[in-house]
Amino acid sequence: MSSGSRRGGDGRLTAALDPHDQGPQDQCGVIGVWAPGEEVAKLTYFGLYALQHRGQESAGIAVSNGRQILVYKDMGLVSQVFDEATLDSLTGHMAVGHARYSTTGRSTWQNAQPTFMPTEDGSLALGHNGNLINTHELAELVAALPGKSKGPVSTNDTGLLTELLAYHPDSTVEMRALELLPQVRGAYSLVWMDEDTLYAARDPQGIRPLVLGRLERGWVVASEDAALATVGASVVREVEPGEMIVIDSDGLRSHKFAEPDRKGCVFEYVYLARPDATISGRGVHEARVEMGRQLAREFPIDADLVMPVPESGTPAATGYAEESGIPFGQGFVKNSYVGRTFIQPSQTLRQLGIRLKLNALEHMIRGRRIVVVDDSIVRGNTQRAQIRMLREAGAAEVHVRISSPPVKWPCFYGIDFATRAELIANGLDVEEIAHSVGADSLGYISLEGMVEATQQPARQLCTACFTGEYPIELPEEDLLGKHLLEASLSTSELGKTLPVLNNP
Ligand code: SF4
């Protein structure tokens with residue numbers, strides 16, 4: 001078996017999600033495992049399983065046995081991409097794993113990660129969580145690499161990073177990374193490897209989480225500590241903003257490649273991270289419960305039942321019920337087996353799709369005044385359908401409480417909400433939104449209340465999607481966007497852009 005990347009056996013291609021129907025979508029989950037003597041591919045697989053919520057479009061694992069790197073990736077959930085036989089064939093002493101949701105570049109097999117790139121003295125595989133904002137500059141750097149023919153080099157920011165790291169004619173990958181990373185702007189939690197060494201790095205703002213863990217005979221770096229717990233690793237610490245970690249047979253060493261200027265994504269606390277994660281010392285579940293308590297203080301209402309939109313609204317609903325004294329109950333049943341909703345082009349089909357996943361429990365709802373707690377409203381379509389479902393089940397009143405402020409601005413650091421024009425809170429005030437979704441009342445937690453619940457200093461958080469104050473300066477609008485590197489390409493060209501990564 002030669003080095004390179006491979007596609008899943010049945011060539012399965014899963015239809016892309018309509019992300020806007022589902023609320024905010026995270027970009028990715030990453031994990032790196034250094035564990036000589038262990039089944040690293042299986043450890044990585046279980047770690048990815050724990051990170052599945054961070055990306056459901058594609059999954060991949062790269063392994064190195066010290067002589068060669070092999071990447072296996074495909075479209076779909078981690079459990080759809082890998083089976084026992086595949087994992088058994090991925091042998092080595094270290095691995096990099098990735099679960100993707102696309103924010104730059106289309107959701108295609110070519111753009112699935114880890115990305116793979118041969119170098120002059122070996123090869124490199126890389127996984128990225130986040131989104132870069134100087135992609136146009138990196139594309140120029142790649143185009144200027146010696147021996148690089150003109151034309152498109154990649155259709156996502158991660159491919160560019162991989163190419164730039166792989167080019168190190170007069171230095172090591174480690175030195176090349178220390179030179180390159182200060183030039184990269186945006187959100188990036190990276191895990192990558194060459195044949196001998198595992199690397200991890202986090203942007204100076206630490207927008208996305210990244211944690212370091214210890215196995216009995218090795219190390220793990222992962223997007224969330226829940227992945228460490230899943231593979232039996234103990235948490236050592238966060239990878240610091242502006243830090244690069246290098247792990248090889250000599251052990252672990254750390255480099256500071258930039259001064260930290262911490263601006264962690266507040267939405268990780270609200271919705272994105274798993275509830276059992278701890279970010280910057282604050283338990284995510286506890287933060288969400290506190291957001292619910294705060295919501296009850298800010299927007300009390302006389303009602304008979306507090307119910308969550310499962311699962312993400314559950315901790316905040318618990319907090320709201322505790323603080324208000326209104327009984328907590330489940331009014332929706334969620335079908336846990338519907339992992340993905342397929343493309344639904346029309347509004348009618350979108351609403352049918354929601355019912356695939358969620359159904360109302362009529363005996364809990366009929367005749368009652370309901371408080372429904374959810375984490376966010378993006379376009380409002382989901383809430384509109386849910387409220388209609390509750391009314392059809394006989395709710396006397398429906399009061400909606402949201403544990404984040406109105407989302408008015410897009411995110412350029414790795415979360416796909418919608419375009420600004422599509423955000424319901426961009427054009428309507430709270431009363432108009434309540435009317436639009438059919439709620440009897442609507443209350444969003446205040447920015448201050450949400451930030452306080454995270455127990456982080458406000459200056460150390462990114463809150464740009466609520467305030468429009470972007471902590472990393474953005475380039476001109478035409479240099480941003482998911483399809484920046486694809487805009488000038490025809491469909492047939494897109495298929496030709498990554499000959500190396502397409503290597504079967
Ligand atoms: S803009 Fe919003 S979602 Fe994006 S990083 Fe900032 S807080 Fe998080």
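Counting starts at 1 for both ligands and their atoms, in listed order. Note that the numbering runs from 1 along the sequence shown for the chain.
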Which of the atoms in ligand 1, numbered in the order shown and given with their element, are less than 4.0 Å from a heavy-atom of [X]?
X    : answer
C465 : 1 (S), 2 (Fe), 3 (S), 7 (S)
C265 : 3 (S), 5 (S), 7 (S), 8 (Fe)
Y413 : 5 (S)

Subject >> Check: E174/T197 side-chain N/O donor and acceptor closer than 3.5 Å >> reply: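 Short answer, no.
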**OP:** Specify the protein heavy atom at minimum distance from atom 6 (Fe) of ligand 1: its residue, its atom name, and the distance to 0.1 Å.
**Re:**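 Looking only at protein heavy atoms, the one closest to atom 6 (Fe) of ligand 1 is C462 SG, 2.3 Å.
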Original post:
Who's the nearest protein heavy-atom neighbour of atom 3 (S) of ligand 1, and how far?
Top reply: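 In this structure, atom 3 (S) of ligand 1 has I415 CG1, 3.5 Å as its nearest protein heavy atom.
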Subject >> Whether Y413 and Y470 hold their rings parallel, tilted or perpendicular, with breakpoints at 30° and 60° >> reply: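 Judged by the thresholds at 30° and 60°, the geometry between Y413 and Y470 is perpendicular.
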**OP:** Classify the contact between R208 and ligand 1 as side chain, backbone, both or neither, using a heavy-atom distance cut-off of under 4.0 Å.
**Re:**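 Near ligand 1, R208 shows its side chain, while the N, CA, C and O stay back.
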Original post:
Do any N/O/S atoms of C411 come under 2.8 Å of atom 4 (Fe) of ligand 1?
Top reply: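 Yes, since at least one N, O or S atom of C411 sits under 2.8 Å from atom 4 (Fe) of ligand 1.
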Short N-O contact, [X] and [Y], less than 4.0 angstrom:
X    : Y    : value
R379 : E422 : yes
R262 : E238 : yes
E290 : R297 : yes

**OP:** Would you please test W34 and L252 for side chain to side chain contact (heavy atoms under 4.5 Å, CB included) and show each step?
**Re:** CA-CA 10 Å; W34 168 279; L252 180 146; over 6 Å; no
